[in-house]
Amino acid sequence: MTTPSISVSFLFIYALFLGYNVLELEASHHIFARYQTSPKVLHKALVNQAYRTGYHFQPPKNWINDPNGPMVYKGIYHLFYQYNPKGAVWGNIVWAHSTSTDLVNWISHKPAIFPSQQADINGCWSGSATILPGGKPVMLYTGIDPSERQVQNLAMPKNLSDPYLTEWVKYPKNPLMLATPMNRINGSAFRDPTTAWLGPDKLWRVLVGSRDNRVGVAYLYKSKDFDHWNLAKEPLHSVERTGMWECPDFFPVNTDGFEGLDTSARGKRVKYVLKISLDETKHDYYTIGTYDVVKDKYFPDKGMVEGDEGLRYDYGKFYASKTFFDDEKKRRILWGWTNESSSVKDDVLKGWSGIQAIPRSVWLDKSGKKLLQWPIKEIEKLRENQVNWPSKILEGGSKLEVIGVTAGQADVEVSFEVSDLKKVEVLKKKHYNPQLLCSKNSASVRGGLGPFGFLTFASNCLREYTAVFFRIYNHRNKHKVLMCSDQSRSSLNKHNDNTTYGAFVDLDPTQEKLSLRSLIDRSIVESFGGGGKVVISSRVYPTLAIDNQIKLFVFNNGTANVKITSLNAWSMKKAQIN
Ligand code: DQQ
């Protein structure tokens, strides 16, 4: 193995010779024609595997994207995902398949759904599982037909007594839904069927994402038998100027408590969530609202913002997500694809691209105005070598190293208390874009109360680090807490996307502690602020802070002191992720 700095410059020079060959299709992903197979020479070339995750799901090699059809069947969790069997860029898409008994350790099976019919001969794109009454799972997914049209297909398990459901058969009458001149649907923007739900009239309903010019649309189809599907007169919902809606997800949430609900559940204490993956910005946003099952219309609650400025599951890298109801543990679980921030050339050289974020439990916050998210409990079984700090003051301008954990593969939680609120900086304008505020005021910019938080993936002399932190402001006589994940100093390799992410966390620092949990895993920092009110995932590729050279600090670059009320950190064992 060469030293990291040599390998990075070698990769870069080598990559210069490769060049791009990019085709744009209405497919939401670039097609890199030249990279559809991995040239043998690259397999043997320097491949820096320091960035492969220890406990975040990824296959041994190649490109992955959206999670598909997650579900639990006979006590076994199934994860399908978009996969290119031939290379580290998008293309040749099939449904890869892995199963698990704990959502942490996975075994892989052969691809479950791959092109085999006219209705999917050019690709098997995203879709969702529905568990029919009696417990039989079925999959609705998008196929690409011989004319490159996007159509909706059905597949079912061949043998229900096999809990791994390794064989899938396609419905011979596919496609079941397609764009026609009659329905005026755009056949190159018609994809990603949701989990179906059953209405009081005993009809199944499903959504398919689309656009009509730039109006984002969730078309509604109804069926009495899962076989014949009729397009409803009106879409369930649409929003102007949002562009193509990919991977819609529509599900009920309890108004009181953590418990998840089956997708067909109804009742007085039930609200609905509509999540859309915005193709134009590659962000997943959601609204909370009500669903009129008679009119078959969804109404976001007053004050909900639609489109890119709306609430997001994750303010970093997280896309094409999908939830499912875990009826074994009565919770709703969210899966999301975390793409690379490295260049395509580097992805090709390392031979893989894309991971799945740690599955998260999602439930409605007491306010009813947002969802809360938390990594599934099972992930905690990977924790070892706990480090626990008693409460201590973290002086302004200081940092403390968290010693005793494997800093590149860790789970760390800290809780801060602030008192010196006179020192907060003032925000004068009416509106602020939190992401821009974070980029302008990076971790190295001294503040009043903050920045304070973690320096993850820190190298010895701090030439590299990824800072995750809070900064408190006074905005129109109210305190505003900003959370940032700052990649400006993550890597000496300047070919990565080093966008800094940020969001405001809805909490009152005079009344509540500021908690931060980061799941650190070799090229990802997945951070949960305020107990899951804001989540930010960053992909980073340090060149100095790799393997056992990685350090972890708690820092405070404000002028005011803050109090650490508790800190717990663990090394994370390696999971069986493929
Ligand atoms: N990825 C799939 C599409 C979906 C997009 C193709 C979202 O079905 O719209 O790989 O990332």
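Note that ligands are numbered from 1 as they come in the structure, with each ligand's atoms numbered from 1 the same way.
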*Of the side chain and backbone of Asn65, name the one, both, or neither that has a heavy atom under 4.0 Å from an atom of ligand 1.*
side chain
_Flag if over 12 foreign heavy atoms under 6.0 Å of OH, Tyr171_ = yes
*asked:* Using a 3.5 Å cut-off on N or O atoms only, is Tyr319 in polar contact with ligand 1?
replied: no
*asked:* One thing to verify: whether Glu240 and Arg214 come together as a salt bridge, which I'm taking to mean a side-chain N less than 4.0 angstrom from a carboxylate O.
replied: no
*Is the Tyr272 to Tyr298 ring centre distance short of 6.0 Å?*
no
_Among Asp192, Asp66, Asn68, closest by any non-hydrogen atom to atom 5 (C) of ligand 1_ = Asp66
*Test Glu526 against every option in Arg517, Arg539, Arg360, Lys317 by the salt bridge (charged side-chain N to carboxylate O under 4.0 Å, His left out) rule and name the one that passes.*
Arg360
